[in-house]
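See structure below.
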Amino acid sequence: ADLVSDPRTAQLSEAELDALVEALATEAIETGEAATYLEVKSAPTFTYDPLPAAESTIGSILSAPIVIALFALLAGIAGVILFVLRHRRSQPEMPESA
């Protein structure tokens with residue numbers, strides 16, 4: 001890619017480019033630069049194992065923060081409903097005015 005973008009080699013034919021690449025590769029092998037280059041390029045890379053699949057047990061589902069928040073909301077609504085019902089029962093009935 002570097003050779004093709006270089007203005008000095010842009011005018012070369014495909015056969016001339018192949019010959020140039022072959023000559024450069026041979027020179028790199030003879031001088032030992034190819035081995036150094038390959039060692040650097042083949043350095044170990046870090047790979048990550050995929051995350052294990054989440055298990056959907058009833059305990060893990062019920063401990064999710066959104067589920068806990070929903071249970072708290074339902075408990076609050078139930079408490080308000082019970083409060084209103086008890087409050088209405090404790091007030092005496094008013095007689096109707098004629």
Side-chain angles (χ1 to χ4, degrees):
D2 290 337
L3 289 175
V4 175
S5 63
D6 191 325
R8 296 173 293 180
T9 58
Q11 302 300 326
L12 296 177
S13 69
E14 188 174 338
E16 290 172 323
L17 275 177
D18 287 342
L20 181 59
V21 169
E22 185 65 32
L24 289 172
T26 303
E27 182 181 337
I29 291 171
E30 289 173 355
T31 60
E33 291 180 38
T36 304
Y37 177 79
L38 291 176
E39 286 174 9
V40 171
K41 287 294 187 181
S42 63
T45 58
F46 295 101
T47 58
Y48 298 97
D49 294 332
L51 294 174
E55 296 179 24
S56 296
T57 61
I58 193 72
S60 66
I61 292 172
L62 292 179
S63 65
I66 188 73
V67 174
I68 294 171
L70 288 174
F71 280 138
L73 180 64
L74 289 175
I77 292 172
V80 169
I81 290 172
L82 289 175
F83 175 77
V84 169
L85 289 176
R86 285 188 179 178
H87 184 65
R88 289 182 70 185
R89 285 185 194 163
S90 65
Q91 291 184 356
E93 292 185 26
M94 302 292 257
E96 293 184 28
S97 357

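No experiment lies behind these values; they were computed from the predicted model shown. For the numbers below, each heavy atom of this structure counts, side chains included, while hydrogens, waters and symmetry mates do not.
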Please tabulate, for side-chain N and O atoms in residues 66-88, each donor-acceptor pair with protein atoms closer than 3.5 Å (sequence neighbours left out).
{"unit_1": "His87", "atom_1": "NE2", "unit_2": "Gln91", "atom_2": "NE2", "d": "2.9"}

Listed partners of Glu16 passing side chain to side chain donor-acceptor pair (under 3.5 Å), at least two apart:
Ser13

Can you list every pair that meets side-chain hydrogen bond (donor to acceptor under 3.5 Å, both in side chains) and has a residue in residues 21-30, with sequence neighbours left out?
none

